[in-house]
Amino acid sequence: MKLPGMSQPDPAAFIQANLPISPVPSIPEIRLHTAGPASGLWRLAGRGEADPPPYWAYPWAGGAVLARHLLDRPEMVSGRRVLDLGAGSGLVAIAAAKAGAATVTAIDIDANAIAAIGLNAAINGVNIVAWAADIIEDQPPATDLLVVGDLFYDPSLALRVMAFLRRCQASGVEVLIGDPERAHLPQDKLRRIATHAVADFGAGKGGKAVQAVVFSLSGNS
C-alpha cells in the first residue's frame with residue numbers, strides 16, 4: 001500500500017519519465033510506453049513494491065493477437081465505430097485506429113490506464129477517446145465492433161463479461177475476443193477466427209511468445 005504522506009505522482013508525467021517507448025513485440029507498427037525493471041510502477045499504482053504491476057503497463061497476449069489481426073485485416077474495422085473494452089495500454093484501440101476505424105473508444109476501470117492510452121495514442125499518431133468506467137453492467141454501447149482482450153483471467157469477471165458480450169451481440173454489435181486460451185475462457189461459446197504467435201508479458205511469461213487466438217461469439221447462448 002502507499003505509505004502515509006506519500007504524494008501520488010501525476011500519471012502522465014510519471015509514465016513519460018519512467019516507462020520508455022518501444023515497439024511492441026510481434027507488432028512493430030505500434031510503439032508503447034512499456035514498464036521495465038526500474039520503472040517503479042508501485043509508486044504510481046499506490047501499492048506496495050512487492051505487489052504485481054498493473055495490467056496496462058505491459059502488452060498481453062490477448063490484446064496483442066487482436067492488434068495483429070486488425071492490422072492484418074483492416075477490412076474488419078475500416079469505416080466502423082470500434083470500442084476497446086478493458087483497453088489497458090490502448091494497444092488494440094491503436095491498432096483499430098491505424099487500420100482505418102471511423103472512431104475508436106477505449107474504456108478501462110484504471111485511471112492510470114487512461115493516461116497511458118492518451119500518451120500511447122499520441123506516439124502512434126491516432127485519435128482515441130479514452131475514459132475510465134466499468135460498463136459491463138450497462139446497456140450495450142453504441143458501436144459497431146466491440147474488441148475484448150485478456151478479460152477472462154478471473155472466474156467471476158469472466159461470467160460478467162460474457163453476459164455483457166451476449167447483450168451486445170443481441171443488440172447487433174459484433175464482438176471479437178483475444179485470449180491465449182486461459183482457463184476461464186468459455187471456449188464452448190466461442191468460434192475461432194485466427195491464431196497468431198505473439199509475445200505475452202502476463203502470467204509470468206516475461207515476453208515469451210505464446211499462441212493466442214481471436215474468437216467471435218458463437219450463435220449459441
Side-chain angles (χ1 to χ4, degrees), residues 19-37 39 41 52-74 76-77 82-99 104 106-110 112-113 116-117 120 124 128 136 145-162 165 175-217:
L19 277 67
I21 299 167
S22 59
V24 178
S26 313
I27 314 167
E29 304 96 318
I30 295 177
R31 299 185 303 148
L32 299 176
H33 283 282
T34 304
S39 294
L41 276 172
Y55 295 124
W56 59 264
Y58 303 94
W60 289 61
V65 73
L66 279 171
R68 183 71 272 158
H69 187 68
L70 297 183
L71 289 169
D72 291 346
R73 298 282 306 276
M76 299 287 294
V77 296
V82 178
L83 189 147
D84 184 4
L85 179 67
S89 66
L91 172 59
V92 185
I94 291 167
K98 280 184 167 289
V104 181
I107 296 178
D108 199 282
I109 62 172
D110 189 334
N112 291 329
I117 291 167
N120 289 331
N124 290 278
I128 294 171
I136 61 176
L145 175 64
L146 183 69
V147 289
V148 184
D150 301 298
L151 278 188
F152 291 89
Y153 56 86
D154 173 85
S156 60
L157 177 62
L159 289 173
R160 294 176 63 218
V161 169
M162 196 65 193
L165 299 184
V175 176
L176 289 179
I177 296 167
D179 200 276
E181 301 185 85
R182 294 187 177 92
H184 305 300
L185 183 73
Q187 295 197 42
D188 59 325
K189 297 178 172 61
L190 306 176
R191 181 171 62 88
R192 289 169 177 259
I193 293 178
T195 301
H196 299 274
V198 294
D200 188 16
F201 285 82
K205 300 296 184 182
K208 293 181 180 178
V210 300
Q211 293 292 321
V213 184
V214 178
F215 298 92
S216 65
L217 296 183

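For reference, positions follow the sequence shown, starting with 1.
At most 12 heavy atoms of other shown residues, nucleotides or ligands fall within 6.0 angstrom of atom CD1 in I109.
Here the CG-CG distance, from L185 to L190, works out to 5.0 Å after rounding to the nearest 0.5 Å. A distance of 4.5 Å separates NE2 of H69 from CE of M76, quoted to the nearest 0.5 Å. We find the CE-CG distance between M162 and L157 to be 13.0 Å, quoted to the nearest 0.5 Å. To the nearest 0.5 Å, atom CD1 of residue I117 and atom CH2 of residue W56 are 10.5 Å apart. Atom CZ of R182 and atom OH of Y153 lie 9.5 Å apart (nearest 0.5 Å).
R68 has its side chain out of reach of R73: every pair of non-hydrogen atoms, C-beta onward, lies at least 4.5 Å apart. Within the 4.5 Å cutoff, no side-chain heavy atoms of K189 are placed close to those of L217. The shortest distance between side-chain heavy atoms of V198 and P25 does not fall below 4.5 Å. In this structure, H196 and D72 have side chains that are in contact, with non-hydrogen atoms separated by less than 4.5 Å. Side-chain contact check for I94 versus D84: every heavy-atom pair is 4.5 Å or farther apart.
The two residues L176 and L66 have their closest heavy-atom pair at CB-CD2, 4.0 Å. Of all heavy-atom pairs spanning A87 and A106, the tightest one is CB-CB, 3.6 Å. Taking each heavy atom of I193 and F215 in turn, the nearest pair found is CD1-C, 4.1 Å. Nearest heavy atoms, A96 versus L70: CB-CD1, 4.1 Å. Heavy-atom minimum distance, S89 versus L32: OG-CD1, 3.5 Å. Nearest heavy atom pair, residue V210 against residue P180, reads CG2-CB, 4.3 Å.
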Problem set entry | L165 and I177: CA distance, side-chain angles, deciding distance, side-chain contact (heavy atoms from CB on, under 4.5 Å) verdict | CA-CA 10 Å; L165 299 184; I177 296 167; 3.7 Å; yes
Exercise. Does the pair Q211 and E181 meet the rule for a side-chain contact (heavy atoms from CB on, under 4.5 Å), with working shown?
Worked result: CA-CA 9 Å; Q211 293 292 321; E181 301 185 85; 5.7 Å; no
For this session: Show the numbers, then the answer: is there a side-chain contact (heavy atoms from CB on, under 4.5 Å) between L85 and I136?
Result: CA-CA 9 Å; L85 179 67; I136 61 176; 3.9 Å; yes
Problem set entry | Full working for side-chain contact (heavy atoms from CB on, under 4.5 Å) between L91 and I27 | CA-CA 10 Å; L91 172 59; I27 314 167; 4.2 Å; yes
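Qualifying side-chain contact (heavy atoms from CB on, under 4.5 Å) partners for S39, counting only residues two or more places apart in sequence or in other chains: L19, A35, L41. Under the side-chain hydrogen bond (donor to acceptor under 3.5 Å, both in side chains) criterion, R31 pairs with no residue at all, not counting sequence neighbours.
Distance alone, capped at 3.5 Å, is enough to place a donor-acceptor pair between the D200 side chain and the A61 backbone. Of the possible polar contacts, one joining the D150 side chain to the G63 backbone as a donor-acceptor pair under 3.5 Å is found. Side-chain atoms of N120 come within 3.5 Å of backbone N or O of H33 as a donor-acceptor pair.
Taking the six-membered ring where the residue is Trp, W60 and Y55 present perpendicular rings, their angle passing 60° and hence far from 30°.
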